[in-house]
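Worksheet for the structure shown next.
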Amino acid sequence: MKIAKKSENLSDNYPALSVALIQLLNKQEKNWGYFRIKNQDAYSCLCTPYFPHLILHQNESNLIYKVYWGYSSYQGSWEERNEKEIWKTIETIKLKRNALKPLVYTRKKSQIVTNYRGAIAGRKQTVQKTIKRELQQEKKQRIHEIVINPGLESNFCSGVRTINRLIATLIKDKIERQIADIAIEKNEAKPIVTIAEV
C-alpha cells in the first residue's frame with residue numbers, strides 16, 4: 001500500500017470538475033452544463049459525457065463514503081433513458097447483487113499511540129528507561145483512511161484515475177472539517193485522516 005502524494009494540486013488543475021465534485025459531496029442537484037448531478041436518498045450521481053456514471057454513497061453521520069463507477073451509455077445529452085440507467089445501477093448497488101465495487105471508499109481504524117508527559121535529562125541509562133516507562137501515556141487514535149482501489153481502473157482512461165484522486169482529496173478535506181468539531185476524550189489522541197492507494 002502506498003500513500004498518495006500531493007505532487008500536484010488537482011483542485012487547481014481541474015477547477016470546474018472540483019466544483020462539480022464539491023456539489024456532489026454536498027448533494028446539490030445540477031441539471032445544466034457539462035457536469036450534471038442527480039440525488040436519490042444517500043446516493044448522488046455525477047454524469048459527465050463519455051465517462052461512466054460516478055455514483056457516491058455517503059453516510060455523513062458515520063463518516064462513510066463509497067465511490068462507484070457505474071456503466072454508462074451517456075453520450076452528451078440528458079435523456080430519460082440515462083436517468084433510468086442511473087437509478088437501476090443504484091438499486092443494484094443497494095441490493096449488492098452486482099459486480100460493482102467501490103473504487104474509492106473510507107474505512108476506520110484505530111491505533112494506540114504513546115506520548116511522553118515530560119522530558120528526561122541527566123539520568124543514567126537504566127534509570128532513564130524506568131522513568132520513561134512511567135512517564136509514557138498511551139492514547140487511542142482514530143484513523144479515517146480514504147482508500148483508492150485501482151480495481152478495474154486499468155480498463156478506464158487516466159481521467160477516471162484523476163477523478164478518483166480528486167474526490168479522495170475532497171472527501172479527506174470534508175472529514176477533516178467534520179472531525180474538527182468533535183470533542184476528543186482525555187484518553188484519545190487527535191484523529192487523523194489519510195489517503196492510501198492500494
Side-chain angles (χ1 to χ4, degrees), residues 1-14 17-28 41-46 54-70 90 93-94 96 99-120 129 132-154 156 158 160-198:
M1 179 187 323
K2 60 180 181 177
I3 303 297
K5 296 178 182 175
K6 286 190 173 183
S7 57
E8 58 181 288
N9 190 343
L10 291 172
S11 296
D12 290 343
N13 291 343
Y14 305 99
L17 176 61
S18 298
V19 169
L21 290 172
I22 290 168
Q23 289 176 315
L24 181 75
L25 283 166
N26 292 331
K27 297 182 180 179
Q28 297 172 341
D41 304 325
Y43 292 86
S44 301
C45 180
L46 174 70
L54 183 144
I55 299 167
L56 171 70
H57 174 259
Q58 55 185 323
N59 181 336
E60 289 180 321
S61 60
N62 291 324
L63 302 174
I64 296 172
Y65 298 86
K66 293 178 185 175
V67 177
Y68 301 87
W69 284 95
I90 289 172
I93 290 170
K94 283 181 184 178
K96 298 180 175 151
L100 279 182
K101 303 287 183 210
L103 293 184
V104 178
Y105 58 92
T106 55
R107 64 181 172 194
K108 296 178 184 179
K109 297 178 173 181
S110 65
Q111 67 182 4
I112 302 297
V113 293
T114 305
N115 294 348
Y116 295 100
R117 292 182 285 204
I120 305 165
K129 287 181 183 175
K132 207 173 193 181
R133 269 194 300 261
E134 290 172 3
L135 291 177
Q136 71 186 13
Q137 181 182 31
E138 291 185 345
K139 291 187 174 189
K140 180 180 176 182
Q141 184 176 47
R142 294 176 195 203
I143 302 168
H144 299 272
E145 187 175 54
I146 298 113
V147 179
I148 302 172
N149 185 356
L152 298 174
E153 229 178 280
S154 56
F156 296 143
S158 64
V160 169
R161 289 188 292 276
T162 301
I163 292 170
N164 284 348
R165 287 186 182 102
L166 181 53
I167 196 160
T169 304
L170 294 171
I171 289 170
K172 179 181 185 279
D173 294 344
K174 187 169 185 176
I175 292 174
E176 284 174 342
R177 283 192 305 274
Q178 289 174 303
I179 64 175
D181 298 335
I182 299 171
I184 302 169
E185 295 179 19
K186 272 187 175 183
N187 63 341
E188 284 189 330
K190 184 179 177 184
I192 58 171
V193 186
T194 62
I195 296 176
E197 293 186 47
V198 295

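For this chain, numbers begin at 1 and follow the sequence in order.
- Considering CZ of R107 and CD1 of I143, their distance stands at 10.5 Å, rounded to 0.5 Å.
- For the atom pair OH (Y105) and NZ (K66), the distance works out to 10.0 Å, reported to the nearest 0.5 Å.
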Kindly indicate, with the supporting measurements, whether the criterion side-chain contact (heavy atoms from CB on, under 4.5 Å) is fulfilled by R165 and E197.
CA-CA 9 Å; R165 287 186 182 102; E197 293 186 47; 3.2 Å; yes
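- By the side-chain hydrogen bond (donor to acceptor under 3.5 Å, both in side chains) test, D41 is found to be paired with K94, residues two or more places apart in sequence or in another chain being considered.
- Taking CD from Q23 and CG from L21, the interatomic distance works out to 9.5 Å, rounded to the nearest 0.5 Å.
- Listed by chain and number, the residues in a side chain to side chain contact (heavy atoms under 4.5 Å, CB included) with I179 are L63, H144, I175, I182, P191, V193 (sequence neighbours excluded).
- Side-chain N/O atoms of T162 and N164 include no donor and acceptor closer than 3.5 Å.
- For A168, the side chain to side chain contact (heavy atoms under 4.5 Å, CB included) test picks out V104, I146, I148, I195, with sequence neighbours left out.
- Between the CD1 atom of I167 and the CG atom of L25 there is a distance of 5.0 Å, given to the nearest 0.5 Å.
- Within the 4.5 Å cutoff, side-chain heavy atoms of I112 are placed close to those of K140.
- Qualifying ring-ring contact (aromatic ring centres under 6.0 Å, His included) partners for Y43, counting only residues two or more places apart in sequence or in other chains: H57.
- Between A189 and I184 the shortest heavy-atom distance is O-CG2, 4.1 Å.
- The side-chain hydrogen bond (donor to acceptor under 3.5 Å, both in side chains) search around Y68 returns none, not counting sequence neighbours.
- Between L54 and W69 the shortest side-chain heavy-atom distance falls below 4.5 Å.
- Atom CD1 of I64 sits about 12.0 Å away from atom CD1 of I171, to the nearest 0.5 Å.
- Minimum heavy-atom separation, K27 to A42: NZ-CA, 4.2 Å.
- Considering only residues two or more places apart in sequence or on other chains, E60 meets the side-chain hydrogen bond (donor to acceptor under 3.5 Å, both in side chains) condition with K174.
- The stretch residues 177-194 participates, sequence neighbours left out, in these salt bridge (Lys or Arg N to Asp or Glu O under 4.0 Å) pairs: R142-E188.
- The pair K108-E145 fails the salt-bridge criterion, with no side-chain N (NZ, NE, NH1 or NH2) lying under 4.0 Å from an Asp/Glu carboxylate O.
- Considering only heavy atoms from C-beta on, I163 stays 4.5 Å or farther from V67 through its side chain.
- Residues satisfying the side-chain hydrogen bond (donor to acceptor under 3.5 Å, both in side chains) test with Q111, not counting sequence neighbours, are Q141.
- A 4.5 Å side-chain heavy-atom check between L56 and L46 finds every atom pair outside the cut-off.
- Counting only heavy atoms from C-beta outward, the side chains of L166 and S18 approach each other to under 4.5 Å.
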